[in-house]
Amino acid sequence: MSTDVRPSAPPVLTKSRPPAATAPAAAPRPAEAVRRPSRLPGLLLTGLTKTVAIAVLLAVWEAAPRLELVDPTFLPPFSQVVDAWFGLLDSGQLATNTQASLTRSLSGFGLSVAVGVPLGLLIGWYRPIANLLSPLLELFRNTAALALLPVFVLILGIGETSKISIVLYACIWPVLLNTISAVRTVDPTLLRLARSLNLSPFRLFQKVILPASVPTVFTGIRLAGAVSILVLVAAEMVGAKAGLGYLINASQFNFAIPQMYAGIVTISVIGVLFNQLLVALERRFTRWRAAVGN
């Protein structure tokens, strides 16, 4: 029995083709060429939203006395208040009284920041100093500033010193207590990481404690800014010959109601502008913080 053995077919040699040339990758677009969406519409919408409530309030203020919903003798229309404000401005009374109030308020506020921030950092960082001063802090921070106003007047007189001192006393507590809280509530993870790098206590305080404390410290400073104006106006109503508090009190006694409201509006505007200035400073010193929200 024979087997038929057939030779296998020779392999077919195929000519290899060169790989197809790939298209070159698109060059990355420079950062300047990437067009970012304009923020102008969002800013306009935000500004419009913030002014709606104020516009509605002023419209109600103007309409309510004219419609006799309230007695116009005690709540004149807003247009009359504006006329009285310009009258005080032309006579120089508004500038004189505003200058007196701002000098007292900013002096007491500046002193409270200059004293409260370093003292708060010291108390928050060194436990023995905190244990020594805690009883005094608890005693005085629960004593209202206006309750001590007669004491300041008796000891320091009715001049500028007593008014600046009462503002200093009222403003130092928000600054001091928020600074102490800022130091004591620093993230422990940051402290452990810093200590793992063998940083000295001074470098640890400089590089970790201070930057982490800035937001909370500025919260206390903003609270003190509002307190400085409120307490000063109350102090000027008791004993002063100049200032916005004196202007409001004198207008009430003379039954110059539009001038009284003009002084109140001036205080409100100054408070808003002062707060916005502090907010801008806070953003300047806390640029490293990540933005939250849309």
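Note that the numbering runs from 1 along the sequence shown for the chain. Below, all heavy atoms of this structure are taken into account, side chains as well, without hydrogens, waters or symmetry copies. Bear in mind the structure is a predicted one, so any value in this text is a computation, not a measurement.
- The two residues Leu146 and Ala234 have their closest heavy-atom pair at CD2-CB, 3.8 Å.
- Under the 4.5 Å side-chain heavy-atom criterion for ILVMFWY residues, a single connected hydrophobic cluster contains both Val167 and Val115.
- For Leu106, the side-chain contact (heavy atoms from CB on, under 4.5 Å) partners are Phe274, not counting sequence neighbours.
- Here the shortest heavy-atom pairing between Val81 and Ala262 reads CG1-N, 3.7 Å.
- Distance alone, capped at 3.5 Å, places no donor-acceptor pair between the Thr216 side chain and the Ser213 backbone.
- For Leu168, the side-chain contact (heavy atoms from CB on, under 4.5 Å) criterion is met by Leu111, Ser112, not counting sequence neighbours.
- Under the 4.5 Å side-chain contact rule for hydrophobic residues, Val175 and Leu223 do not share a cluster.
- By the ring pair (Phe, Tyr, Trp, His ring centres under 6.0 Å) test, Trp173 pairs with Tyr169, sequence neighbours left out.
- Leu137 places a side-chain heavy atom less than 4.5 Å from the side chain of Ile180.
- Side-chain contact between Leu149 and Val153 is present, with at least one heavy-atom pair separated by less than 4.5 Å.
- The hydrophobic cluster containing Leu58 also contains Ile270, counting ILVMFWY residues as joined when their side-chain heavy atoms lie under 4.5 angstrom apart, directly or transitively.
- For residues 101-111, the pairs satisfying salt bridge (Lys or Arg N to Asp or Glu O under 4.0 Å) are Arg104-Glu160, Arg104-Glu236, with sequence neighbours left out.
- Arg203 is linked by a salt bridge (Lys or Arg N to Asp or Glu O under 4.0 Å) to nothing, counting only residues two or more places apart in sequence or in another chain.
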Determine all donor-acceptor pairs shorter than 3.5 Å in which one atom belongs to a side chain in residues 242-260; sequence neighbours excluded.
from	atom 1	to	atom 2	distance (Å)
Asn249	ND2	Met237	O	3.1
Ser251	OG	Leu247	O	2.8
Asn254	ND2	Ala250	O	3.1

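- Pairs of residues two or more places apart, or lying in two chains, never qualify as salt bridge (Lys or Arg N to Asp or Glu O under 4.0 Å) while including a residue from residues 115-135.
- A 4.5 Å side-chain heavy-atom check between Leu94 and Thr266 finds at least one atom pair inside the cut-off.
- Shown here for Pro174 and Asn178, the closest heavy-atom pair between the two residues is O-ND2, 2.7 Å.
- Expressed to the nearest 0.5 Å, how far CZ of Phe109 lies from CD1 of Ile229 amounts to 9.5 Å.
- Two residues are said to be in side-chain contact when any heavy atoms from C-beta on lie closer than 4.5 Å; Trp61 and Pro77 fail this criterion.
- Cluster note: Leu230 groups with no other residue, as no ILVMFWY side-chain heavy atom lies under 4.5 Å from it.
- Contact record, Ser165 with Leu156: OG-CD1, 3.3 Å, taken as the closest heavy-atom pair.
- Side chain of Asn97 to main chain of Gln93: a donor-acceptor pair is present (N/O by atom type, distance under 3.5 Å, no hydrogens or angles).
- Here the closest heavy-atom approach between residue Leu232 and residue Ser101 is recorded as CD2-O, 3.0 Å.
- Not one N or O on the side chain of Ser181 forms a donor-acceptor pair closer than 3.5 Å with the backbone of Leu177.
- Of all heavy-atom pairs spanning Ile166 and Ala145, the tightest one is CD1-O, 3.1 Å.
- For the side-chain contact (heavy atoms from CB on, under 4.5 Å) test, residues two or more places apart in sequence or in another chain that qualify with Val60 are Val56.
- Not counting sequence neighbours, the partners of Arg141 by the salt bridge (Lys or Arg N to Asp or Glu O under 4.0 Å) test are Glu138.
- For Leu154, the side-chain contact (heavy atoms from CB on, under 4.5 Å) criterion is met by no residue, not counting sequence neighbours.
- For residues 260-276, no residue pair satisfies the salt bridge (Lys or Arg N to Asp or Glu O under 4.0 Å) rule, not counting sequence neighbours.
- Put simply, the side chain of Phe218 reaches to within 4.5 Å of the side chain of Val214, judged on heavy atoms.
- Put simply, the side chain of Leu273 reaches to within 4.5 Å of the side chain of Val269, judged on heavy atoms.
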